[in-house]
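Sequence positions, counted from 1, serve as the residue numbers for this chain. When a ligand or atom number is given, it counts from 1 through the structure's own listing order.
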Amino acid sequence: MSLLVRNIGELVTNESGPGRETGPLGILRDAAVLVDGGRVAWVGKTADSPDADEAWDAAGQCVIPGFVDSHSHLVFGGDRADEFAARMAGRRYEAGGIRSTVAATRAALDDVLRARLAGFVAELHGQGTTTFEVKTGYGLTVDDEARLARLAAEVTDEVTFLGAHVVPEEYADDAEGYVDLVCGPMLEACAPHARWVDAFCERGAFTAEQSRRVLEAGAARGLGVRVHGNQLGPGEGVRLAVELGAASVDHCTYLDDEDVALLAASDTVCTLLPGVEFSTRQPFPDARRLLDAGVAVTLASDCNPGSSFTSSMAFCIAVAVREMGMTPAEAVWAATAGGARALRRGDAGRVGVGARADLVLLRAPSHVHLAYRPGVPLVERVWVRGQPV
Ligand code: NIG
Ligand code: FE
């Protein structure tokens with residue numbers, strides 16, 4: 001069954017082409033999109049539309065490509081609302097809080113985690129996110145990490161093995177022994193379910209050398225590299241990510257000029273996570289400085305129970321525009337095409353022939369409203385691979 005979404009007042013394509021306005025979003029006005037077999041089959045003016053089995057009238061509103069959330073930690077047990085409340089009363093965020101979610105996750109049955117995950121997927125779809133990455137990292141034993149990777153793979157192709165999230169309690173005196181486990185049996189058990197490997201390169205988590213061992217072992221096993229870096233202070237995460245040709249280095253809250261120059265000259269995307277600074281009361285990263293230096297900047301939710309328990313990409317856009325110096329157009333690009341680049345997916349984050357038919361119809365005439373109307377649910381209808389969800 002083919003579907004024509006017609007009468008779109010503002011279509012964000014993220015592509016250049018005939019009739020597209022200049023600027024990162026490749027906006028086409030009075031547009032229509034033909035969907036067939038889960039892919040975009042045609043894009044043009046409503047007046048020139050081909051016939052289709054079904055039609056949907058967008059009533060002059062805005063359509064954007066589905067959000068691509070390239071960073072989340074959605075398989076976990078429990079929550080940390082008490083930790084959040086304590087933080088808002090003045091306590092500092094520390095990597096060690098991860099261990100309490102590890103305990104709750106190990107104690108949770110598969111079906112409990114599966115139901116939780118299904119709830120998050122519905123939450124993501126309802127807010128316009130149509131492609132999302134999910135990390136392991138709250139199991140930290142061979143069996144628990146493999147279990148989380150398997151569960152994540154039930155809902156996404158973008159699974160990331162994050163055995164190097166934090167050193168678990170039982171290895172507190174033997175971090176090197178834990179890294180051996182991660183690089184050996186844990187990687188073996190998780191790799192069949194994963195596309196990516198990640199490491200939390202930070203004070204209180206893993207050193208650059210330990211992170212390098214994990215990332216190189218993952219790459220040798222065929223996984224793409226991603227890095228958590230420069231979140232809680234200056235560090236070596238960005239340098240390591242660029243050196244290893246990582247697809248993305250995420251957080252990047254504390255960068256020196258050398259980090260920025262290295263990123264600008266690399267293929268490594270810089271993924272900013274505004275929900276983290278919002279929820280931990282840390283200073284926001286300076287997206288403007290990165291964009292002006294020519295760095296590819298992406299936005300993601302980092303949805304997790306500790307540092308950022310939001311799954312809303314629209315919220316991330318609003319905060320990035322208000323607090324991080326991005327224009328609405330840059331932020332919408334970063335949350336769609338940018339996310340696709342961070343996941344090295346050429347067929348997501350854009351509305352062009354051959355791309356996945358992941359479309360979001362907004363209850364708003366333009367993409368600017370995503371930042372202009374913070375907290376307002378503007379998603380009217382979502383199609384994932386051409387199917388309404
Ligand atoms: O991306 N930085 C490391 N991991 C998560 C936090 C996880 C947690 O606090 O549970 C993050 O912020
Ligand atoms: Fe994270």
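Near H165, meaning under 4.0 Å from any of its heavy atoms, are these atoms of ligand 1: 3 (C), 4 (N), 5 (C), 7 (C). Using a 4.0 Å cut-off to heavy atoms of Y138, the atoms of ligand 1 that qualify are 7 (C), 8 (C), 10 (O). Per-residue contacts place D302 under 4.0 angstrom from the following atoms of ligand 1 (heavy atoms of the residue considered): 1 (O), 11 (C), 12 (O). Atom numbering of ligand 1 starts at 1 in the shown order; those under 4.0 Å from a heavy atom of H71 are 1 (O). If you number the atoms of ligand 1 from 1 as listed, the ones under 4.0 Å from a heavy atom of Y93 come out as 6 (C), 7 (C), 8 (C), 9 (O). Short contacts between ligand 1 and H251, defined as distances under 4.0 Å to a heavy atom of the residue, involve ligand atoms 1 (O), 2 (N), 11 (C), 12 (O).
Residue D82 qualifies as open at atom CG: its count of foreign heavy atoms under 6.0 Å is 12 or below. Within a 6.0 Å sphere centred on CZ of R341, other residues, nucleotides and ligands contribute 12 heavy atoms or fewer. No more than 12 heavy-atom neighbours from other residues, nucleotides or ligands sit within 6.0 angstrom of CZ on R373.
Side chain to side chain, T280 and R87 fail the donor-acceptor criterion of an N or O pair below 3.5 Å.
The protein non-hydrogen atom at the shortest distance from atom 12 (O) of ligand 1 is S307 OG, 2.6 Å. Ranking protein heavy atoms by distance to atom 3 (C) of ligand 1, first place goes to F200 CE2, 3.4 Å. Residue, atom and distance of the protein heavy atom nearest to atom 2 (N) of ligand 1 are Q231 OE1, 2.7 Å.
By the 6.0 Å and 45° rule, R381 stacks over the aromatic ring of W56.
Aromatic pair F315/F278: ring centres closer than 6.0 Å. The ring of F76 has its center closer than 6.0 angstrom to the ring center of F120.
Considering backbone and side-chain N/O atoms, T101 never comes within less than 3.5 Å of an N/O atom of ligand 1.
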- Going through the checks in order, is the side-chain contact (heavy atoms from CB on, under 4.5 Å) test met by V382 and L359? CA-CA 6 Å; V382 179; L359 304 172; over 6 Å; no
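At least one N, O or S atom of H73, from either the backbone or the side chain, sits less than 2.8 Å from the Fe ion (ligand 2).
The name of the N, O or S atom in D302 nearest to the Fe ion (ligand 2) is OD1.
The residue from V179, V182, V214 that alone fulfils the side-chain contact (heavy atoms from CB on, under 4.5 Å) condition with F206 is V179.
Using a non-hydrogen distance threshold of 4.0 Å, E202 does not register as a contact of ligand 1.
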